[in-house]
Asks: 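So that we are looking at the same thing, I have put the structure below in structure tokens.
Not measured: the values here are computed from a predicted model.
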Amino acid sequence: MAAAVFPGSFDPVTTGHMDLIERAAAIFDRLVIGVLANSSKSPLCTIEERVQMLEGLTKDMQGIEVLSFDGLLADFIKKTGADTIVRGIRTPADFEYELPLAQANYKLNCKADTLFLATRPEYSYISSSAVKELARYKGNIEGFVPEAVYQFLKKKYNYPD
């Protein structure tokens with residue numbers, strides 16, 4: 001049974017994330033979405049909120065599990081029993097950032113290869129960081145995030161109707 005981990009902060013979950021989740025779920029029998037508690041970032045949503053959002057968004061999809069983690073991705077991979085890491089690539093800069101991480105993770109856990117999925121062009125400009133900034137200033141994030149995430153953030157940050 002082929003299993004993969006799709007790690008990220010998912011703060012917040014974007015339409016680009018969901019596209020990658022759907023595509024990765026079609027490739028693997030089991031996909032673990034690993035929600036990283038990244039202490040170096042100031043989160044828009046709590047780890048619990050991000051896990052709940054992803055659970056809600058993937059509830060009708062087969063073979064998906066949502067778990068939070070902190071620490072090394074290589075350790076999380078071992079814990080889940082996965083043999084592949086899935087990462088999305090939007091730009092050449094993403095690849096330059098991701099490649100050394102993939103190589104380090106392979107060195108730390110030789111059972112885990114990294115599969116890079118190219119983001120579809122219609123999502124290539126969307127990043128959680130940009131959405132987070134827009135949300136904090138009540139900018140329009142419709143279409144950047146799934147509808148359920150939009151409604152959650154609208155309520156949390158008192159968006160005007």
Side-chain angles (χ1 to χ4, degrees), residues 1-41 43-132 141 143-150:
M1 175 148 109
V5 168
F6 180 36
S9 60
F10 303 100
D11 187 37
V13 181
T14 68
T15 52
H17 289 136
M18 290 309 300
D19 175 61
L20 291 170
I21 288 167
E22 290 167 8
R23 291 166 54 205
I27 297 169
F28 296 95
D29 300 314
R30 182 170 154 252
L31 179 65
V32 178
I33 302 170
V35 183
L36 176 63
N38 191 336
S39 60
S40 68
K41 295 183 178 182
L44 184 67
C45 303
T46 67
I47 191 94
E48 295 81 12
E49 290 169 337
R50 290 179 270 154
V51 167
Q52 286 176 346
M53 279 188 261
L54 282 160
E55 286 174 340
L57 291 165
T58 61
K59 70 180 184 292
D60 296 328
M61 299 171 74
Q62 296 296 313
I64 293 184
E65 185 178 1
V66 181
L67 300 172
S68 64
F69 77 101
D70 60 2
L72 294 176
L73 177 58
D75 292 339
F76 184 66
I77 297 292
K78 288 176 189 171
K79 180 181 168 187
T80 64
D83 50 15
T84 305
I85 301 164
V86 174
R87 297 299 293 160
I89 301 292
R90 292 172 299 141
T91 66
D94 283 353
F95 183 74
E96 287 180 15
Y97 174 80
E98 293 289 346
L99 181 61
L101 293 177
Q103 293 166 329
N105 282 320
Y106 186 83
K107 179 81 171 161
L108 292 169
N109 179 354
C110 289
K111 295 179 185 169
D113 279 313
T114 299
L115 172 69
F116 295 115
L117 286 177
T119 302
R120 290 190 174 149
E122 60 266 33
Y123 304 117
S124 64
Y125 65 94
I126 299 172
S127 71
S128 287
S129 298
V131 172
K132 190 185 317 185
I141 58 170
F144 289 73
V145 297
E147 183 62 25
V149 174
Y150 174 70

Asks: Would you indicate whether the side-chain heavy atoms of L54 and Q52 approach each other to under 4.5 Å?
Replies: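 The answer is no; the side chains never approach within 4.5 Å.
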Asks: Would you say K78 has more than 12 foreign heavy atoms packed within less than 6.0 Å of its NZ?
Replies: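 Yes, enclosed.
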Asks: Could you check whether any side-chain heavy atom of T119 comes within less than 4.5 Å of a side-chain heavy atom of I89, counting everything from C-beta outward?
Replies: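 The answer is no; the side chains never approach within 4.5 Å.
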Asks: Tell me every residue that passes side-chain hydrogen bond (donor to acceptor under 3.5 Å, both in side chains) with E147, counting only those two or more places apart in sequence or in another chain.
Replies: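 By the side-chain hydrogen bond (donor to acceptor under 3.5 Å, both in side chains) rule, E147 matches Q151.
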Asks: Looking at P146 and L57, what are the two nearest heavy atoms and their distance?
Replies: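 Result for this residue pair: CB-CD2, 3.7 Å.
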Asks: Dump the intermediate steps for side-chain contact (heavy atoms from CB on, under 4.5 Å) on I85 and D113, then the final yes or no.
Replies: CA-CA 6 Å; I85 301 164; D113 279 313; over 6 Å; no
Asks: Sequence neighbours left out, what passes side-chain hydrogen bond (donor to acceptor under 3.5 Å, both in side chains) with Q103? Give chain and number order.
Replies: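 Applying side-chain hydrogen bond (donor to acceptor under 3.5 Å, both in side chains) to Q103 gives none.
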Asks: Side chain of T15, backbone of G143: donor and acceptor closer than 3.5 Å?
Replies: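 At least one qualifying donor-acceptor pair exists.
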Asks: At what distance, to the nearest 0.5 angstrom, does CD of E55 lie from CG of L67?
Replies: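 The distance works out to 8.5 Å.
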Asks: Would F144 and Y125 count as a ring pair (Phe, Tyr, Trp, His ring centres under 6.0 Å) here? Give the steps.
Replies: CA-CA 9 Å; F144 289 73; Y125 65 94; 5.7 Å; yes
Asks: Supply the atom-to-atom distance N105 CG to K107 NZ, rounded to the nearest 0.5 angstrom.
Replies: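 N105 atom CG to K107 atom NZ measures 13.0 Å (nearest 0.5 Å).
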Asks: Do I27 and L115 touch side chain to side chain, with heavy atoms closer than 4.5 Å?
Replies: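 Of all side-chain heavy-atom pairs linking L115 with I27, at least one is under 4.5 Å.
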Asks: Kindly indicate whether the side chain of L36, heavy atoms from C-beta on, has any atom under 4.5 Å from the side chain of P7.
Replies: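 No, too far: nothing below the 4.5 Å cut-off.
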Asks: Can you tell me how far OG1 of T58 sits from CD1 of I33, rounded to the nearest 0.5 angstrom?
Replies: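 Reported value, rounded in 0.5 Å steps: 5.0 Å.
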Asks: Would a 4.5 Å heavy-atom cut-off, applied to side chains only, mark T84 and V5 as touching?
Replies: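 Contact flag for T84/V5 side chains = no.
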Asks: Heavy atoms, side chains only, cut-off 4.5 Å: are M18 and V13 in contact?
Replies: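 Counting from C-beta outward, M18 and V13 do come under 4.5 Å.
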Asks: Could you walk me through whether R23 and D19 pass the salt bridge (charged side-chain N to carboxylate O under 4.0 Å, His left out) test, one step at a time?
Replies: CA-CA 6 Å; R23 291 166 54 205; D19 175 61; 3.0 Å; yes
Asks: Please tell me if the side chains of D11 and K132 come closer than 4.5 Å, counting only heavy atoms from C-beta onward.
Replies: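 When only atoms from C-beta onward are counted, K132 and D11 do touch, with a gap below 4.5 Å.
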Asks: Grab the two heavy atoms, one from A74 and one from L108, that are nearest each other, plus how far apart they are.
Replies: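 Shortest heavy-atom contact: CB-CB, 3.6 Å.
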Asks: Could you give the distance from OG1 (T114) to CG (L73), rounded to the nearest 0.5 Å?
Replies: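 Going from OG1 on T114 over to CG on L73, the span is 8.0 Å.
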Asks: Closest approach of V86 and A4, non-hydrogen atoms and distance?
Replies: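 Nearest heavy atoms, V86 then A4: CG2-CB, 3.8 Å.
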Asks: What is the minimum heavy-atom distance between P12 and S128, and which atoms define it?
Replies: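 Minimum heavy-atom contact is O-OG, 3.0 Å.
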Asks: Quick one: does any side-chain atom of R50 pair with a main-chain N or O of V35 as donor and acceptor, under 3.5 Å?
Replies: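 Checked: no pair found.
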Asks: Under the side-chain contact (heavy atoms from CB on, under 4.5 Å) rule, what do L20 and F6 come out as? Steps first, then yes or no, please.
Replies: CA-CA 9 Å; L20 291 170; F6 180 36; 4.0 Å; yes
Asks: Any non-hydrogen side-chain atom of E49 less than 4.5 Å from a side-chain atom of P43?
Replies: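 When only atoms from C-beta onward are counted, P43 and E49 do not touch, as no gap falls below 4.5 Å.
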Asks: Please identify each residue that fulfils side-chain contact (heavy atoms from CB on, under 4.5 Å) with E22, with sequence neighbours left out.
Replies: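 Residues passing side-chain contact (heavy atoms from CB on, under 4.5 Å) with E22: M61.
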Asks: Kindly write out the residues that satisfy side-chain contact (heavy atoms from CB on, under 4.5 Å) with S127, not counting sequence neighbours, or none if the list is empty.
Replies: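 With sequence neighbours excluded, S127 shows a side-chain contact (heavy atoms from CB on, under 4.5 Å) to R90, S129, A130, given in chain and number order.
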Asks: Just how far is it from atom CD1 of I64 to atom CZ of F28, taken to the nearest 0.5 Å?
Replies: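 Taking CD1 in I64 and CZ in F28, the distance rounds to 12.0 Å.
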Asks: Any chance you could lay out the side-chain contact (heavy atoms from CB on, under 4.5 Å) test for R30 and V32, step after step, and finish with the verdict?
Replies: CA-CA 7 Å; R30 182 170 154 252; V32 178; 3.5 Å; yes
Asks: Can you pull the ring pair (Phe, Tyr, Trp, His ring centres under 6.0 Å) pairs that have at least one residue in residues 63-93, sequence neighbours excluded?
Replies: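 As it turns out, the ring pair (Phe, Tyr, Trp, His ring centres under 6.0 Å) pairs with a partner in residues 63-93, which skip direct neighbours, are F69-F76.
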Asks: How long is the span from the CE atom in M53 to the CD atom in E48, to the nearest 0.5 Å?
Replies: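 Reported value, rounded in 0.5 Å steps: 11.0 Å.
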Asks: Applying ring pair (Phe, Tyr, Trp, His ring centres under 6.0 Å), which residue pairs with at least one partner in residues 90-120 are found, sequence neighbours left out?
Replies: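 Listed by first then second residue: F95-F116.
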